[in-house]
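Taking it in order: structure first as structure tokens, then the write-up.
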Protein chains: 2
Amino acid sequence: MNTTKKVGRPRSFDQAALGERAKDLFWARGFEGIGLAELTQALGVKPPSLYAAFGSKAGLFRAALDAYRHDSAEAFAEAFTAADWRTMVRRMLASAARMYTRHNDRRGCLVLDGARDSADQAARDAASEVRRRFARSMAERLTALGAAEPERLAETLIIAMIGLSGGARSGLPAETILAAAEQIADGLVQDH
Amino acid sequence: MNTTKKVGRPRSFDQAALGERAKDLFWARGFEGIGLAELTQALGVKPPSLYAAFGSKAGLFRAALDAYRHDSAEAFAEAFTAADWRTMVRRMLASAARMYTRHNDRRGCLVLDGARDSADQAARDAASEVRRRFARSMAERLTALGAAEPERLAETLIIAMIGLSGGARSGLPAETILAAAEQIADGLVQDH
DNA sequence: CTTTTTTTGTAGTGTTCACTAAAAAATTCC
DNA sequence: GGAATTTTTTAGTGAACACTACAAAAAAAG
């Protein structure tokens, strides 16, 4: 099954590449922060083409989330391959802090903060679903590594990440975010 | 200087009481989450009266923040009167978690999450200013209690609170928020 | 009672938003 | 080449938003 050529006028853009570029736009501005006018102009695609490809603004956001998940997987790969849960926790928060402060535009986390207060339920649901899956995979890995109360720890890590992301978005300097991540992680691995 | 009666038609509402009620509305829905139509209907005041009293939607939000600061001062009073910094840190996060989950409507923190992604700069600035003052007073108290690196610790506490508030807003159960607050606080007071 | 002053209620304003109807353009099929 | 099919372009649409012009109403002052 190779890519059979379809009849009709061909698409003038690559759908996946558009999702990738939408990722950066939504990451920088949030789902509500950038409107369709600016979005279509930045992407070089007129609204009807965008709607034919993605169905809605939330559909484009879903594509952006997909692209973001790849960045995220890369950023957290080291943490997920740690040999013990303490190392995993430390790397997890350190990687989050680095990812949330690496680019001066695009601060914080697209999943945790991209559609938080949006009125669009589809956009909120898409972000929640990605977050839910991320939390689940953290809990599973912590379980495999023998951490005590892994679900609880995973939820605490998510809450810490929400704090790091929000702090980064609010303009706190990168050093502050990185230092807070380290301080919180150090505390979490010392408990008991 | 008693309250000299003014000439002209008297106000039909109490301005401070309106700020108090606006606090609950903004706390529940966020600055962007509730529009003027619903706002004026819930307050029983027509738009021109509201604008004569507060100047703008952001002005009403400022009044709501003032009312919120009183709730907040009460909630954190115990923490600020702690005799050592470790007790203060523990009470700080415990009180935050309690305040952010006490009411099933109105989850999270109005200051940290009420106007975060708002397009209205005045609203964002008002919230940032309250947050800045709160962070400063935490740092001062931690300094007085002899904590090491009090500014850094205060910033870490703010980041933790952002996480607790965001977690509460996102629908995590109260027990999860309270448990995370305790877990993070325990870690922070054990460092070194 | 008339004038003056201030607030209220009515009824909008312009702007921005996500989204789309309809026609023109670009391709494949026969 | 003509018909069929799909996408692009042009040019909007209605809805929601914060905000306001204007006149009626309610009080004090003279």
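Sequence lines set the chain letters: A, B, ... in the order given, protein chains first and strands last, and positions in each chain run from 1.
For DNA chain C, the residues of residues 11-25 of chain B within the heavy-atom distance limit of 4.0 Å (strictly under) are B/Arg11, B/Ser12, B/Phe13, sorted by number. For the segment residues 59-68 of chain A, the set of residues with a heavy atom within less than 4.0 Å of an atom of DNA chain C is empty.
When each of C/dT27, D/dT7, C/dT6 is scored by its nearest atom to the side-chain atoms of A/Pro10, the top-ranked nucleotide is C/dT27. For A/Pro48, the side-chain atoms get nearest to D/dT9 when compared with the rest of C/dT6, C/dT10, D/dT9.
Taking 4.0 Å as the cut-off between side-chain N and carboxylate O, B/Arg116 and A/Asp117 do not count as a salt-bridged pair.
Residues passing the ring pair (Phe, Tyr, Trp, His ring centres under 6.0 Å) test with B/His70: none are found, sequence neighbours excluded. A search for ring pair (Phe, Tyr, Trp, His ring centres under 6.0 Å) contacts involving A/Phe134 returns A/Phe76, not counting sequence neighbours. Taking the side chain to side chain donor-acceptor pair (under 3.5 Å) definition, one finds that A/Asp125 meets it with nothing, sequence neighbours left out. Partners of A/Tyr100 by ring pair (Phe, Tyr, Trp, His ring centres under 6.0 Å), not counting sequence neighbours: none found. Every residue two or more places apart in sequence or in another chain that forms a side chain to side chain donor-acceptor pair (under 3.5 Å) with B/Thr156 is listed here: A/Gln183. Legend: residues meeting salt bridge (charged side-chain N to carboxylate O under 4.0 Å, His left out) with A/Arg132, ordered by chain and number and at least two apart, are A/Glu129.
A/Lys46 places its NZ atom 10 Å from the P atom of D/dA11, with the value rounded to the nearest Å. If you measure from atom CZ of B/Arg9 to atom C1' of C/dT6, you get 9 Å, rounded to the nearest angstrom. Spacing between atom CG of B/Leu39 and atom C1' of D/dC17 amounts to 13 Å, rounded to whole angstrom units. Rounded to whole angstrom, the span from the CG atom of A/Leu50 across to the C1' atom of D/dT9 amounts to 14 Å.
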Can you give the donor-acceptor pairs under 3.5 Å from side chains of residues 8-21 of chain A to other protein atoms, not counting sequence neighbours?
| residue | atom | partner | partner atom | Å |
| --- | --- | --- | --- | --- |
| A/Arg11 | NH1 | A/Gln15 | OE1 | 3.2 |
| A/Asp14 | OD1 | A/Ala16 | N | 3.2 |
| A/Gln15 | NE2 | A/Ala53 | O | 2.9 |
| A/Glu20 | OE2 | A/Lys23 | NZ | 2.9 |
| A/Arg21 | NH2 | A/Ala42 | O | 2.9 |

For residues 165-181 of chain A, dump all side-chain donor-acceptor pairs below 3.5 Å to protein atoms at least two apart in sequence or in another chain.
| residue | atom | partner | partner atom | Å |
| --- | --- | --- | --- | --- |
| A/Ser165 | OG | A/Cys109 | N | 2.8 |
| A/Ser165 | OG | A/Asp113 | OD2 | 2.5 |
| A/Arg169 | NE | A/Arg107 | O | 3.4 |
| A/Arg169 | NH2 | A/Trp27 | O | 3.0 |
| A/Ser170 | OG | A/Gly167 | O | 2.9 |
| A/Ser170 | OG | B/Arg131 | NH1 | 3.2 |
| A/Ser170 | OG | B/Arg131 | NH2 | 3.0 |

Could you go through nucleotides 14-19 of chain C and list every protein N or O atom that sits under 3.5 Å from one of its N or O atoms, giving the distance for each pair?
| residue | atom | partner | partner atom | Å |
| --- | --- | --- | --- | --- |
| C/dA18 | OP1 | A/Lys57 | NZ | 2.6 |
| C/dA18 | OP2 | A/Leu36 | N | 2.6 |
| C/dC19 | OP2 | A/Tyr51 | OH | 2.5 |
| C/dC19 | OP2 | A/Lys57 | N | 3.0 |
| C/dC19 | O5' | A/Tyr51 | OH | 3.2 |

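Residue pairs meeting the salt bridge (Lys or Arg N to Asp or Glu O under 4.0 Å) criterion with at least one partner in residues 72-81 of chain A, sequence neighbours excluded, do not occur; the list is empty.
Annotation: the span from B/Met88 atom CE to B/Leu93 atom CG amounts to 10.0 Å, rounded to 0.5 Å.
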